[in-house]
Colleague: 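Okay, here's the structure, questions in a sec.
We're numbering straight along the sequence, starting at 1.
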Amino acid sequence: MERPFASVTVTEKAARALRGGHPWVFAGEVLTKESPCPDGEIVDVYTEKGRWQGAGFYNGRSLIRVRILSRNTNDKMDEAFFRRRIRYALAYRQQVMGEDFAACRLIFGEADGFPSWTVDRYGDVLVSEVLSLGIERRRAMLYALLREELAALGVNVSCIYERNESLIREKEGMTCGKGPYVAPGLETNPSGHAEICENGIYFDVDYINGQKTGYFLDQKYNRAAAGRLAHGRRVLDCFTHTGAFALHCAAGGAESVTAVDVSASALEQARRNAERNGLEGRMEFRQTDVFELLTELGKSGEKPWDYIILDPPAFTKSGATVENARRGYREINRRAMQILPRGGYLATCSCSHFMTDTLFRAMLADAARDASVQLRQIEARQQSPDHPILWGVPETDYLKFYLFQIV
């Protein structure tokens, strides 16, 4: 059957990666391309021996030349194709998230077959980030399909807010910015706030000015696990952001909770979240640098907390800075371990896929040795299932979360 798409020929190295399930072809792996081969359009991918490997979005400006969409020669990549993909993604979330479908990640990029497209749901508000040109050129169709499929499930979308601020877009030949997507039936002047309920706790999501899409949905069940350990404990929640871990611990019966962040605006939102849930009386909010706080406590010898939570931002966003990131993670974990009493608890995590689980575990072992403590593992967890890990695509496996007792 004659294919309607242009084609590229790739190296054997790229073909092996594609056969292993990885969905990207890099710039140096494209040997030849058929002309015309417009950026953002679909191309077929062949080996030098003429074996078809799949079809995907081509972008000559990008380090990632081709982002694979399909490995099925029968797929036409038409509207019906994308509707099926959206329907599958929504059905999966309904199945694995249950009642938490009301606030979850609906589209998780390559893991759902939508290269570099993220959509988070906060009730009737959707927040979208597009980082690939192929998706960008089809976003009107994709948004319409997503709204239609959600409406069929009884969800009427009031607003689609685009958070397209990442500089990655410029490297892909797109502009950066944020704002409401304009289409009939959608709000063009949204409030910027949505309330969600996570594990029985209510949170205000600032989806216009908050980090990423406004809230970190991937830690949903890790926060519940952390909260279950909090009963009767004196908790220090480091890098609290808008207070999600802290509130789970307060709701879990902690004796006291101190929530620390360097951002005054994040702490103000955390206070509002505490008041919304009637937990402000059990919580203290402190604006300070976590590294400095832990250093001061280490020097003083005081041990005012017996449960410390470390949920830092990603210390590395590239393979080139992994070693620096490892030192940063080791330092904060070592300091936390030193100021915890024997029998105390530590929750610690990393959200960078470059800091692999193997590297993270080795770092924790080094930190424990330097702190002269031993770790008793309670749980090892990952991101919530609305952020599915696609085997063969290591970039989708990024969140490491550990609970320990210090012995």
Colleague: Can you see which heavy atom on Ala111 is nearest to which on Leu390, and at what distance?
Modeller: CA-CD2, 4.0 Å
Colleague: Quick check: does any side chain N or O of Asp112 sit under 3.5 Å from a backbone N or O of Phe114, one acting as donor and the other as acceptor?
Modeller: no
Colleague: Is Arg19 salt-bridged to Glu12, going by a charged N under 4.0 Å from an acidic O?
Modeller: yes
Colleague: With a 6.0 Å cut-off (strictly less than), is the heavy-atom count around CD of Gln374, excluding the residue itself, greater than 12?
Modeller: no
Colleague: Hey, mind stepping through Ser70 and Met77 against side-chain contact (heavy atoms from CB on, under 4.5 Å) and telling me if it holds?
Modeller: CA-CA 8 Å; Ser70 173; Met77 273 67 81; 3.8 Å; yes
Colleague: Mind listing the closest non-hydrogen atom pair of Val393 and Gly21 along with its distance?
Modeller: CG2-O, 3.6 Å
Colleague: Tell me the salt bridge (charged side-chain N to carboxylate O under 4.0 Å, His left out) pairs involving residues 389-404, sequence neighbours left out?
Modeller: none
Colleague: In terms of side-chain geometry, is the basic nitrogen of Glu149 or Arg83 positioned less than 4.0 Å from the acidic oxygen of its partner?
Modeller: yes
Colleague: For Gln219 and Cys349, which heavy atoms make the closest approach, and how far apart are they?
Modeller: NE2-SG, 3.4 Å
Colleague: Between Ser132 and Trp117, does any side-chain donor sit less than 3.5 Å from a side-chain acceptor?
Modeller: no
Colleague: Counting N and O atoms only, with roles assigned by atom type, does the side chain of Arg65 sit under 3.5 Å from a partner on the main chain of Gly60, one being a donor and the other an acceptor?
Modeller: yes
Colleague: Whether Arg271 and Glu268 form a salt bridge (side-chain N of Lys/Arg under 4.0 Å from carboxylate O of Asp/Glu) is what I want to check.
Modeller: yes
Colleague: Side chains of Asp100 and Tyr221: do they bring a donor and an acceptor to under 3.5 Å?
Modeller: yes
Colleague: Mind checking whether Ile42 and Phe57 have side chains closer than 4.5 Å, heavy atoms only?
Modeller: yes
Colleague: Side chains of Glu110 and Ile68: does their closest heavy-atom pair fall under 4.5 Å?
Modeller: no
Colleague: Please round to the nearest 0.5 Å and tell me the distance separating atom CD1 of Ile378 and atom CG of Leu229.
Modeller: 5.0 Å
Colleague: Apply side-chain contact (heavy atoms from CB on, under 4.5 Å) to Gln53 and Val25, showing your working.
Modeller: CA-CA 11 Å; Gln53 301 297 300; Val25 176; over 6 Å; no
Colleague: Do Trp52 and Val45 make a side-chain contact, defined as non-hydrogen atoms from C-beta onward lying under 4.5 Å apart?
Modeller: no
Colleague: Return the orientation label for the His22 and Trp24 ring planes: parallel under 30°, perpendicular over 60°, tilted otherwise.
Modeller: perpendicular
Colleague: Do Gln269 and Asp206 pair up side chain to side chain, a donor and an acceptor below 3.5 Å, judged on atom types alone?
Modeller: no
Colleague: Does the plane of the ring in Tyr398 sit parallel, tilted or perpendicular to the ring in Phe108? Use 30° and 60° as the thresholds.
Modeller: tilted
Colleague: How far apart are the C-alpha atoms of Glu29 and Thr11, what are their side-chain angles, what is the distance that settles it, and do they pass the side chain to side chain donor-acceptor pair (under 3.5 Å) test?
Modeller: CA-CA 5 Å; Glu29 297 172 337; Thr11 64; 5.0 Å; no
Colleague: Between Ser7 and Glu34, do the side chains contain an N or O donor and an N or O acceptor separated by less than 3.5 Å?
Modeller: yes
Colleague: So do Gln338 and Asp370 actually touch side chain to side chain, heavy atoms under 4.5 Å?
Modeller: no
Colleague: Any side-chain heavy-atom pair from Arg326 and Asp366 closer than 4.5 angstrom?
Modeller: yes
Colleague: Would you please indicate yes or no on a ring centroid separation below 6.0 angstrom for Tyr181 and Tyr143?
Modeller: yes
Colleague: Would you kindly say whether Lys171 and Asn59 are connected by a side-chain donor-acceptor distance under 3.5 Å?
Modeller: no
Colleague: Would you verify whether the NZ or CZ of Arg276 falls within 45 degrees of the ring axis of Tyr202 while also being under 6.0 Å from that six-membered ring's centre?
Modeller: yes
Colleague: Can you name the nearest heavy-atom pair linking Tyr207 to His193, along with the distance?
Modeller: CE2-N, 3.4 Å
Colleague: Using side-chain heavy atoms (C-beta onward) and a distance below 4.5 Å, is Leu375 in contact with Ile406?
Modeller: yes
Colleague: Does a side-chain N-to-carboxylate-O contact under 4.0 Å join Glu331 and Arg334?
Modeller: yes
Colleague: Can any side-chain N or O of Arg85 pair as donor or acceptor with the backbone N or O of Gly113 at less than 3.5 Å?
Modeller: yes
Colleague: Evaluate the criterion side-chain contact (heavy atoms from CB on, under 4.5 Å) for residue pair Asp124 and Cys159; output intermediate values, then yes/no.
Modeller: CA-CA 7 Å; Asp124 61 357; Cys159 174; over 6 Å; no
Colleague: Considering non-hydrogen atoms only, spot the tightest contact between Tyr92 and Pro385 and give its length.
Modeller: OH-O, 2.6 Å
Colleague: Is the closest basic N to carboxylate O distance between Arg138 and Glu41 below 4.0 Å?
Modeller: yes
Colleague: Is there a donor-acceptor pair under 3.5 Å between the side chain of Asn273 and the backbone N or O of Thr242?
Modeller: yes
Colleague: Report yes or no: does Arg282 contribute a side-chain atom to a donor-acceptor pair with the main-chain N or O of Ala250 at less than 3.5 Å?
Modeller: yes
Colleague: Just verifying a value: how many Å separate Lys76 NZ and Asn74 CG, rounded to the nearest 0.5 Å?
Modeller: 9.0 Å
Colleague: Salt bridge (charged side-chain N to carboxylate O under 4.0 Å, His left out) with Arg327: which residues, sequence neighbours excluded?
Modeller: Glu323
Colleague: Please tell me whether Asp120 and Tyr161 have a donor and an acceptor in their side chains that are separated by less than 3.5 angstrom.
Modeller: no
Colleague: For the pair Asn222 (side chain) and Gln383 (backbone), establish whether a donor and an acceptor sit closer than 3.5 Å, ignoring hydrogens and angles.
Modeller: no
Colleague: Could you check whether Thr213 and Tyr122, counting side-chain N and O atoms only, form a donor-acceptor pair closer than 3.5 Å?
Modeller: yes
Colleague: Output yes when a side-chain donor or acceptor of Gln405 lies under 3.5 Å from a complementary backbone atom of Gly343, and no otherwise.
Modeller: yes
Colleague: So, does Asn164 use its side chain to make a donor-acceptor pair with the main chain of Gly177 at under 3.5 Å?
Modeller: no
Colleague: Under the side-chain contact (heavy atoms from CB on, under 4.5 Å) rule, what do Trp305 and Leu297 come out as? Steps first, then yes or no, please.
Modeller: CA-CA 10 Å; Trp305 295 286; Leu297 287 170; 3.1 Å; yes
Colleague: Are more than 12 heavy atoms from other residues, nucleotides or ligands located less than 6.0 Å from atom CG of Asn72?
Modeller: yes
Colleague: Are Arg121 and Phe101 in a cation-pi contact, defined as NZ or CZ under 6.0 Å from the six-membered ring centre and within 45° of the axis?
Modeller: yes
Colleague: Look at the side chain of Arg233 and the backbone N and O of Gly344, then say whether any donor-acceptor pair between them is shorter than 3.5 Å.
Modeller: no
Colleague: What distance do Met174 atom CE and Ile135 atom CD1 have between them, rounded to the nearest 0.5 Å?
Modeller: 10.0 Å
Colleague: Ignoring hydrogens and angles, tell me if any N or O in the side chain of Arg93 forms a donor-acceptor pair with the backbone of Arg105 under 3.5 Å.
Modeller: yes
Colleague: What distance separates Phe26 CZ from Lys13 NZ, expressed to the nearest 0.5 Å?
Modeller: 8.5 Å
Colleague: Walk me through whether Lys220 and Asp386 qualify under salt bridge (Lys or Arg N to Asp or Glu O under 4.0 Å).
Modeller: CA-CA 10 Å; Lys220 181 189 301 275; Asp386 53 337; 5.8 Å; no
Colleague: More than 12 heavy atoms of other residues, nucleotides or ligands under 6.0 Å from CG of Leu359: yes or no?
Modeller: yes
Colleague: Considering only heavy atoms from C-beta outward, does the side chain of Ile308 approach that of Cys238 to under 4.5 Å?
Modeller: yes
Colleague: Of all the heavy-atom pairs spanning Arg286 and Thr258, show the shortest one and how long it is.
Modeller: NE-CG2, 4.3 Å
Colleague: If you count the non-hydrogen atoms of other residues, nucleotides and ligands that lie under 6.0 Å from NZ in Lys178, is the total more than 12?
Modeller: yes
Colleague: Just wondering, do Ile332 and Phe239 contact through their side chains at under 4.5 Å, heavy atoms?
Modeller: yes
